[in-house]
Structure formats: C-alpha cells, structure tokens
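First the structure, in the form of structure tokens, and then the observations on it.
Each chain gets a letter, A, B and so on, in the order the sequences are listed, and its residues count up from 1.
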There are 2 protein chains.
Amino acid sequence: MGVSKTEIFTAQQNTIALFAKVIGHPARVAILQQLFKLNSCVCGDLVLEIGLAQPTISQHLKELKNLGLIKGNVEGTSVCYCIDQENWSKMKELMSEFLNQDIQSNGSCC
Amino acid sequence: MGVSKTEIFTAQQNTIALFAKVIGHPARVAILQQLFKLNSCVCGDLVLEIGLAQPTISQHLKELKNLGLIKGNVEGTSVCYCIDQENWSKMKELMSEFLNQDIQSNGSCC
DNA sequence: AATATTAATCGTAATATTGCAATATATAAA
DNA sequence: TTTATATATTGCAATATTACGATTAATATT
C-alpha cells in the first residue's frame with residue numbers, strides 16, 4: 001500500500017522512525033552537515049553547494065523544517081537557514097537512547 | 001523520479017542515509033527493540049508481537065539483514081534472528097558522529 | 001512603477017515503499 | 001512418504017518519495 005500502519009506502534013517507535021526517515025536521504029544529510037559547518041546558510045548557497053535543483057533543495061529544507069530540525073529566517077529576498085539546536089538535541093537524545101540499547105537477555109544468540 | 005542522486009554525495013553521506021532509512025520505519029524499530037529485549041527471536045514470534053502479516057515482517061527482516069544489522073540462523077523449520085552486534089556498533093559509531101556534530105562557526109545564527 | 005533576485009509552490013513523471021494474498025521452499029514429525 | 005509447520009518469494013495494488021520545469025510570491029533595486 002505504501003502507507004505505514006503507524007497505529008499499531010508506540011508513539012516512541014513512530015517518532016524514532018520519523019526522525020530517522022528524514023535523515024534517510026543523502027541530500028538532507030548534506031544540508032545538515034553544511035548548516036553545522038557554516039552555522040547559518042542561505043538557501044541559494046545550499047543549491048550551489050549540493051548540486052540539486054532549487055525546488056528540490058527547497059523541498060528537502062521544508063521536510064527538515066517540518067520536523068523542527070532547522071529553522072529559517074527571511075533576510076530580504078533570501079532565506080537563512082540554521083540548525084534548531086534545541087530540537088536537534090531532543091532528537092539526538094531519542095536516537096542515542098535507541099542506538100545505545102544493550103542486549104537485555106543473557107540467552108545465547110543464534 | 002523517486003530515485004536519489006547518490007552519485008553527487010560522499011560515500012559517508014550515502015551510508016549515513018542508508019542506515020537512517022532502514023531505521024525509518026516503525027516496524028523495523030519495533031523489530032530491533034524486540035531483538036534487543038530478547039537477544040534472539042524467532043520470526044514467527046515477531047509476527048505475533050508486532051501484528052503485521054508474515055510476509056511483511058519477513059520483508060522488513062530482509063532489509064535489516066541486507067544492511068547487516070541483524071543475522072538469522074535456521075533452526076529446524078524456524079529462523080532465529082538476532083542483532084549483529086559488530087555491525088550495530090559500527091553503525092552506531094557513524095550515526096553518533098553525525099548526531100554529535102557541533103556548530104563549527106561562531107557566526108550568529110539567523 | 002518596472003525590473004531583478006530569491007525562494008516557495010504547483011504539477012507531473014519516474015521510481016520506491018508498504019502491505020498482503022497466494023504460492024513456493026525447506027525441514028520436522030507422523 | 002505423507003503431512004504439518006515455519007519462513008521466503010512472487011505478484012500486485014495503493015501510496016509515498018524524489019526530482020525538476022514552470023510558475024508564483026515577496027522583497028530589493030533601479
């Protein structure tokens with residue numbers, strides 16, 4: 001069907017999946033890395049840096065913004081984007097907790 | 001197009017995206033959590049636990065296996081799955097490095 | 001006001017993902 | 001050897017994602 005059955009999972013599972021999904025595209029990884037590198041960055045610079053068309057970058061920025069990982073400020077005709085550090089930290093917390101899980105049983109593995 | 005332009009990104013960016021993508025579905029998050037909880041788990045138990053059809057679970061397991069995050073051993077008619085701890089650690093390392101990035105510039109944010 | 005600049009949105013084509021019924025495969029048990 | 005059990009594979013329908021050209025919107029500049 002192409003649509004996930006989110007209702008059968010916990011809120012935490014769905015949230016982890018949503019954050020992972022938005023990082024699950026190399027263009028968005030590249031955008032985030034660039035924003036960490038430059039602190040703030042105008043949309044047009046990302047288009048040049050990354051090499052995808054302007055509407056495509058704009059779409060990826062929108063997804064990152066929807067999840068709160070970045071924020072954008074209008075500056076004249078350009079829009080300046082940067083990491084939303086507070087939300088990034090929250091996401092990092094959630095993902096780290098998931099990644100750092102330990103095997104909870106001592107039964108031998110297969 | 002539906003197809004990512006992976007060739008314009010670095011290997012690291014593509015790898016991060018691939019790992020994030022496979023975690024980007026709540027069913028796979030749930031499977032991984034269950035495997036951490038029980039150490040090893042038979043496919044059929046995951047079907048019961050998670051509540052998706054057997055072919056669907058089987059497909060998700062395949063994706064996790066393709067990326068090396070889990071491994072499966074045949075035990076009679078069942079297949080026992082567990083976390084591949086070595087590869088999980090490598091993935092964790094890569095993702096943590098990405099998540100723990102710090103702003104590298106002191107220019108003010110927008 | 002007219003024009004240039006920048007980014008967002010719309011529309012669309014190509015492809016990927018999700019989920020499951022039906023079927024195939026492989027081993028165990030009778 | 002037949003039958004039961006467990007998992008994988010196939011095929012398909014519904015939906016989502018990716019990418020971009022064309023256009024729109026919004027502000028700056030002349």
Side-chain angles (χ1 to χ4, degrees), chain A residues 1-9 13-14 17-31 34-35 40-67 70-82 110, chain B residues 1-9 13-14 17-31 34-35 40-67 70-82 110:
Chain A
M1 314 196 161
V3 60
S4 303
K5 284 195 158 180
T6 55
E7 71 277 7
I8 68 174
F9 302 104
Q13 288 165 341
N14 283 315
L18 276 180
F19 279 126
K21 195 167 160 187
V22 85
I23 298 177
H25 191 290
R28 293 190 290 265
V29 170
I31 288 172
Q34 188 71 4
L35 292 184
S40 75
C41 196
V42 162
C43 174
D45 295 342
L46 290 168
V47 173
L48 293 178
E49 171 71 23
I50 292 176
L52 287 171
Q54 178 265 321
T56 307
I57 296 293
S58 196
Q59 202 171 272
H60 284 306
L61 286 168
K62 191 178 172 183
E63 289 177 65
L64 290 168
K65 211 167 127 191
N66 283 344
L67 275 195
I70 67 173
K71 49 189 175 183
N73 263 42
V74 178
E75 289 187 353
T77 58
S78 9
V79 177
C80 170
Y81 284 98
C82 63
C110 40
Chain B
M1 314 198 158
V3 60
S4 304
K5 285 195 160 179
T6 54
E7 71 278 8
I8 68 174
F9 302 104
Q13 287 165 342
N14 283 315
L18 276 180
F19 279 126
K21 194 167 160 186
V22 85
I23 298 177
H25 191 289
R28 294 189 290 265
V29 170
I31 288 172
Q34 189 71 6
L35 292 184
S40 75
C41 196
V42 162
C43 173
D45 296 342
L46 290 168
V47 173
L48 293 178
E49 170 70 24
I50 293 174
L52 287 172
Q54 177 266 321
T56 308
I57 296 293
S58 195
Q59 201 171 275
H60 285 305
L61 286 168
K62 191 177 173 185
E63 288 177 66
L64 291 168
K65 211 166 127 191
N66 283 344
L67 275 195
I70 66 174
K71 49 190 176 185
N73 264 40
V74 178
E75 289 185 354
T77 58
S78 10
V79 178
C80 169
Y81 284 98
C82 64
C110 40

Of the nucleotides [options], which has the atom closest to the [X] side chain?
{"X": "A/Lys5", "options": "D/dT9, C/dC20, C/dA8", "result": "C/dC20"}
{"X": "A/Val79", "options": "C/dA7, C/dG19, D/dA19", "result": "C/dA7"}
{"X": "B/Ala53", "options": "D/dA8, D/dA6, C/dC20", "result": "C/dC20"}
{"X": "A/Thr77", "options": "C/dG19, C/dA7, D/dT27", "result": "D/dT27"}
{"X": "B/Pro55", "options": "D/dT7, D/dT10, D/dC20", "result": "D/dT10"}
{"X": "A/Tyr81", "options": "D/dA8, C/dA8, C/dG19", "result": "C/dA8"}
{"X": "A/Ser78", "options": "C/dA7, C/dT9, C/dC20", "result": "C/dA7"}

If I take atom [atom1] from residue [X] and atom [atom2] from residue [Y], how far apart are they, to the nearest 0.5 angstrom?
{"X": "B/Lys62", "Y": "B/Ile70", "atom1": "NZ", "atom2": "CD1", "value": "12.5 Å"}
{"X": "A/Leu67", "Y": "A/Leu18", "atom1": "CG", "atom2": "CG", "value": "6.0 Å"}
{"X": "A/Gln13", "Y": "B/Arg28", "atom1": "CD", "atom2": "CZ", "value": "13.0 Å"}
{"X": "A/Asp45", "Y": "A/Ile57", "atom1": "CG", "atom2": "CD1", "value": "11.5 Å"}

For a quick check of understanding: with a heavy-atom distance under 4.0 Å over all strands, which category does A/Ser58 fall into, base, sugar-phosphate or nothing? base
Hey, does A/Ile57 reach any base, or is it just sugar-phosphate, or nothing, if we go heavy atoms under 4.0 Å?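 The answer is nothing, as A/Ile57 stays clear of every strand by at least 4.0 Å.
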Output the rounded distance in Å from [atom1] ([X]) to [atom2] ([N]).
{"X": "A/Ile23", "N": "D/dT17", "atom1": "CD1", "atom2": "C1'", "answer": "17 Å"}
{"X": "B/Asp45", "N": "D/dT7", "atom1": "CG", "atom2": "P", "answer": "8 Å"}
{"X": "B/Leu67", "N": "C/dT17", "atom1": "CG", "atom2": "P", "answer": "11 Å"}
{"X": "B/Leu52", "N": "D/dA8", "atom1": "CG", "atom2": "P", "answer": "15 Å"}
{"X": "B/Ile31", "N": "D/dT7", "atom1": "CD1", "atom2": "P", "answer": "13 Å"}
{"X": "B/His25", "N": "C/dA16", "atom1": "NE2", "atom2": "C1'", "answer": "13 Å"}
{"X": "A/Leu61", "N": "D/dA19", "atom1": "CG", "atom2": "P", "answer": "13 Å"}
{"X": "A/Ile50", "N": "C/dA7", "atom1": "CD1", "atom2": "P", "answer": "13 Å"}

Is a donor-acceptor pair below 3.5 Å formed from side chain B/Gln54 to base D/dA8, judging by atom type as modelled?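 Such a pair is found, so the answer is yes.
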Which residue, A/Ser4 or B/Lys65, contacts DNA chain D at a nucleotide closer to its 5' end, judged by nearest heavy atom? B/Lys65
Tell me which of A/His60 and A/Gly76 sits closer to the 5' end of DNA chain D, going by the nucleotide each one is nearest to.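 Its nucleotide being nearer the 5' end, the pick is A/His60.
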Shortest non-hydrogen contact from B/Leu52 to A/Phe9?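 Heavy atoms only, the tightest pair is CD1-CZ, 4.1 Å.
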Within the structure, does a side-chain N or O atom of A/Lys21 lie under 4.0 Å from either OP1 or OP2 of D/dT17?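 A/Lys21 to D/dT17 OP1/OP2: side-chain N or O found under 4.0 Å.
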Which base, if any, makes a Watson-Crick or G-U wobble pair with D/dT9, both distances under 3.5 Å?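 Matched D/dT9 with C/dA22 under the 3.5 Å cut-off.
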Angle class for the A/His25/A/His60 ring planes (parallel below 30°, perpendicular above 60°, tilted otherwise)?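 Geometry flag for A/His60 against A/His25: tilted rings.
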